[in-house]
Each structure stands twice: as C-alpha cells, then as structure tokens.
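The block underneath contains the structure these notes are about, expressed in structure tokens.
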There are 2 protein chains.
Amino acid sequence: MTRFALTLEFDGTPFHGLQRQAHGPSVQQSVEEAAQAVTGEKVTLHSAGRTDTGVHALAMRSHFDIGKEIAPFRLMEALNAHLRPNPIAVTHCEIVPDDWHARFSCVGRAYVYRIANRRAPLTLDLNRAWQVPQELDEKAMHRAAQTLVGLHDFTTFRSAHCQAQSPVKTLDRLDVERIGEEVRIHAAARSFLHHQVRSMVGCLALVGMGRWREEQLAEALEARDRQELGLNAPPHGLYFVRAIYPGEDTTT
Amino acid sequence: MTRFALTLEFDGTPFHGLQRQAHGPSVQQSVEEAAQAVTGEKVTLHSAGRTDTGVHALAMRSHFDIGKEIAPFRLMEALNAHLRPNPIAVTHCEIVPDDWHARFSCVGRAYVYRIANRRAPLTLDLNRAWQVPQELDEKAMHRAAQTLVGLHDFTTFRSAHCQAQSPVKTLDRLDVERIGEEVRIHAAARSFLHHQVRSMVGCLALVGMGRWREEQLAEALEARDRQELGLNAPPHGLYFVRAIYPGEDTTT
C-alpha cells in the first residue's frame, strides 16, 4: 500500500460538509468515489479538518492508501477528471511515509473568514462571504479579538455537538483587517473546537456593529457558557486555508 | 422626470449579456422589470458598456428616467429587493442632470481579465476566471501588450458583429501582472470594439504559452485582418470594472 497526500480545494456550497454523511453529498464521498473509479479499490479519505455544510477550503490536506502503482501526477489528473462536475479540485498530490496522517500529524490549522460589509446584496460573492450591512468597526473587532488569543477554556464558543475531549485550546492568532468593503478575519491554532471560528466571528461582528462592548467578548469567554454566545456566523464566509505538518515549510 | 444614475454589480453567468435580448434573460431586462415593479412606470436602462453573455461587472454605470418622486437610497433598496434572486446588485444610486448619459457621457472604460494559470480545475472561481493549464510567461505577455497601446486600427481584434463606425481606437492601458497563480490583465480606453478585450487577451495568452513570438502580436495588429486573430478568450474571465465621466473623481 502506498500513502498519498492530497491538497484539496473545494466550494462547500453543494456539500453537507467534508465528512461522509448518511443524508447528503460530502466532499469525502466524492473524493473516495473518484479514487475508486481510478484504482478499482475502496479507499478511505482522512483529512486535517472537518468542515461543515457550506464551508470552503483553499488547501485542505487529506490522505488515503492505495495498492495500485500510480505516479502522483497521474493520480491527481485522473482524480480531477473523475471529480467533475463536483466543485472539488486536487491541487497537489504526493507520496508520503506510512506514518504520515493528514489529521493526526497536523500541528496547525488556519482559517479565513470573509465578511462583505455592505448594504447591497452579494452577486459574484454569493455563498462566498457573509453579508453584514451595518458598518463594522474592524479596529474595535481586532482589539477585542486579542483577548481570545492564548490558552483558554473555549466552552462559550463550542457547538453542542463538539466531540473534542477538552474545551481548552490555545488560539495562536485572531486578526481582523479591512480590505475595502471586506472585513477579513484570520484564525490559527493547533486545533479548533466545533463551530469555534464561526462563534468567535459572530461575536466579533457584534463588537464591530457596536452591539457588544469590546470587553463583552472577554466576559463571554470567561463565562464558559454556551448561553453567552452572541451569534454564530454563517458557514459560507469560512475558508479552511492551511494545515501545517512538522518539517514542512510554513512560510507559503 | 428625474434621471437616476446607478452603479451595477453582476455575475454575468446566467445572463445573455447586459443588453436586452429576444432569446434570453439579460441584465437590462431584470433591472427594467425591477424598476417597473418599484415605480409602476416603463423605464429604459442605458449603460456605459454592452457586456456579452457570461461577462461580469463590478461597477457598470447605467441610468434611467422616472416620473415618480423617490429618494435615491430608497430606490436603490427597493430595486435590490426586487432584483432578488438575480445576481445583480445596485451598489450606488444618485440623481444626475438630465443631460448626463451613462453611455454617451462616458469618456473612459476599464476592464480586468482574470486567468487562473493552473492545471487543477476551478472550484470557487468556476465561471469567474479562464483556466489556462500551460504555464504563462506574464512578463512576455506584458511586453507584447505594450505594442497594442496607443492609437491603432484594431480590425484584427474586432468581432464580425461589431457595430462601431471605425476600427480605429486609442488603447490607454494594457498591463499584465501575476498574483500567485492568477495572471490579471488590465485594459483601459475611451471605448472598445466588440470582443476587443477578449481578442487581445486570447492572443496575449498565446504569447504567454510561447505559441506566439512576442512580435507576432504587433504583426497581427498591423495585418488589420480578423483572420490573423489567434484566439478569443472566453467571456467568463472578463469584468467591467470602471466607467469614467467628466468631473468625477477617477482616483478610486
């Protein structure tokens, strides 16, 4: 068996998330079916993150094992041919050691959240960003965000369905910047709780609108109570952008 | 009658172009129907450019006249409400003098063309960029492009259906830059011939692939012969990005 690591880009709109689901199409199912069409083997895809319905990825990292001998480039091309017309693309494919695991070897994950801060409905960015018509104070959002950075109990920002053993995580980065009418939020950590990024973004948006004082974000964190969550931002603004592995160049 | 100038953003994918067509939906028809729904009046939309099927706009400028008294902001909000679910948004609306004309007063037009220079199929940028798998030399493309800038007879780069009286136009700008895997082409002129931008981009791509020598672009121009056209780039990479009017601030 040979282990192949894939980098996946996908538009999450038509999928019930990355992980295989009984009740609807998933990215995992599409990739596994493409791999089976190429190799004739039943394969299982493992991925760095488990994105929800509607969440996008620019560079998800995944792996599977196959017995058939095939060059990585040829496998990538064949997978892409079989993935059409699903909006999933394999942008990189390589052979990795058998002990390399897309999920368990991953030591860092990064997300970007895009807010279209405008009154007009979205056209080209429909399903690609969260439209927020109220003017957002991105500087206040950035200041408030810094109170979440570091080692904390993130119970407030955790989904009821979260399967993580502990709500204690270290948030490495939560930066808010404005690029024209877009407010972009960058989040990075070794790992995140279920809904953590969207929950943090939702509360940051309340700060940006002036509906929450900046200190309220830290107060919500300290409450360690899901009831204190102000708002869960919708999935279609969220992008999984990077997974980091030991020994890999992380500068790009 | 009051003349309202609109700024329109649209995803051109579902439309048979901007201009009203007998055989399919158009941006013009959608906006006129929305305006009629709001005002009860039959209106005619005039626009700075006539984009083809699949071509997008970030800031098309248009106008129409209506008799009903309504504040520009309210009109914009009502139009946007009636435009749903069409991917068209009114991003700005203002009252202009009766002699201001979106098409005839316009003294400058700018387009951007996006090439996704990658092997992998497009996902999030599907219908938003032209995928070119061969590696493009954007510096060669930029150098070649400069031979088209200035006053020329652009017959080679003109559609058979072009209605312009003269093929002689002054091209003010044709810049090629690379942003990661994207090659972006910026074109600006007082006005363009039908298919001119897409025709120029198609030939530039041939230069970028090394299938045309850089000098061949100038040779094709000098031939003044549509038969010399190498390639017409597809519409879905093209964006109308700006229309310029006398007295308006053009720095933004």
Side-chain angles (χ1 to χ4, degrees), chain A residues 6-15 27 30-31 34 54-60 72-93 112 114 116-129 131 133 180-181 236-241 252, chain B residues 6-15 27 30-31 34 54-60 72-93 112 114 116-129 131 133 180-181 236-241 252:
Chain A
L6 309 176
T7 303
L8 299 178
E9 177 191 279
F10 57 83
D11 170 4
T13 310
F15 301 108
V27 174
S30 300
V31 176
V55 174
H56 314 295
L58 300 185
M60 176 58 69
F73 182 79
R74 255 200 68 211
L75 176 60
M76 176 171 73
E77 297 277 292
L79 287 172
N80 281 331
H82 282 281
L83 280 165
R84 291 176 198 269
N86 291 298
I88 305 171
V90 182
T91 60
H92 188 75
C93 178
V112 166
R114 296 179 60 206
N117 190 202
R118 59 185 246 174
R119 282 202 70 79
L122 299 183
T123 66
L124 290 153
D125 274 334
L126 196 69
N127 292 325
R128 304 274 185 277
Q131 185 214 355
E181 71 179 18
H236 53 267
L238 186 60
Y239 295 72
F240 185 98
V241 296
T252 54
Chain B
L6 310 175
T7 304
L8 300 178
E9 178 192 279
F10 58 83
D11 170 4
T13 310
F15 300 109
V27 175
S30 299
V31 176
V55 173
H56 314 294
L58 300 185
M60 177 57 69
F73 182 78
R74 255 202 66 212
L75 175 60
M76 176 170 73
E77 297 277 291
L79 287 172
N80 281 332
H82 283 280
L83 280 165
R84 290 178 199 268
N86 292 298
I88 305 170
V90 182
T91 60
H92 188 75
C93 179
V112 166
R114 295 180 62 205
N117 191 201
R118 59 185 247 174
R119 282 203 68 81
L122 300 183
T123 66
L124 290 153
D125 274 334
L126 196 70
N127 292 324
R128 304 275 185 276
Q131 184 213 356
E181 70 179 18
H236 52 266
L238 186 60
Y239 296 73
F240 185 98
V241 295
T252 53

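Within every chain, numbering begins at 1; the chains are lettered A, B, ... in the order of the sequence lines, protein sequences first and strands thereafter.
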Q: Using side chain to side chain donor-acceptor pair (under 3.5 Å) as the criterion, list what pairs up with A:T7, not counting sequence neighbours.
A: none
Q | chain B contact via A:L58 - side chain, backbone, both or neither, heavy atoms under 4.5 Å | A | side chain
Q: Please name the residue in the list A:N80, A:I88, A:N86 that meets the side-chain contact (heavy atoms from CB on, under 4.5 Å) test with B:P121.
A: A:N80
Q) What distance do B:R128 atom CZ and A:R128 atom CZ have between them, rounded to the nearest 0.5 Å? A) 6.0 Å
**Q.** chain A contacts, top residue of B:R84, B:R119, B:H92, B:M76 (heavy-atom pairs, under 4.5 Å)
**A.** B:R119
Q | Choice from A:V90, A:T13, A:T123, A:D11 maximising heavy atom contacts with chain B below 4.5 Å | A | A:T123
Q) Under a 4.5 Å heavy-atom cut-off, does chain A meet the side chain of B:L124, its backbone, both or neither? A) both
Q.
The criterion is ring pair (Phe, Tyr, Trp, His ring centres under 6.0 Å); which residues satisfy it with A:Y239, sequence neighbours excluded?
A. A:H56
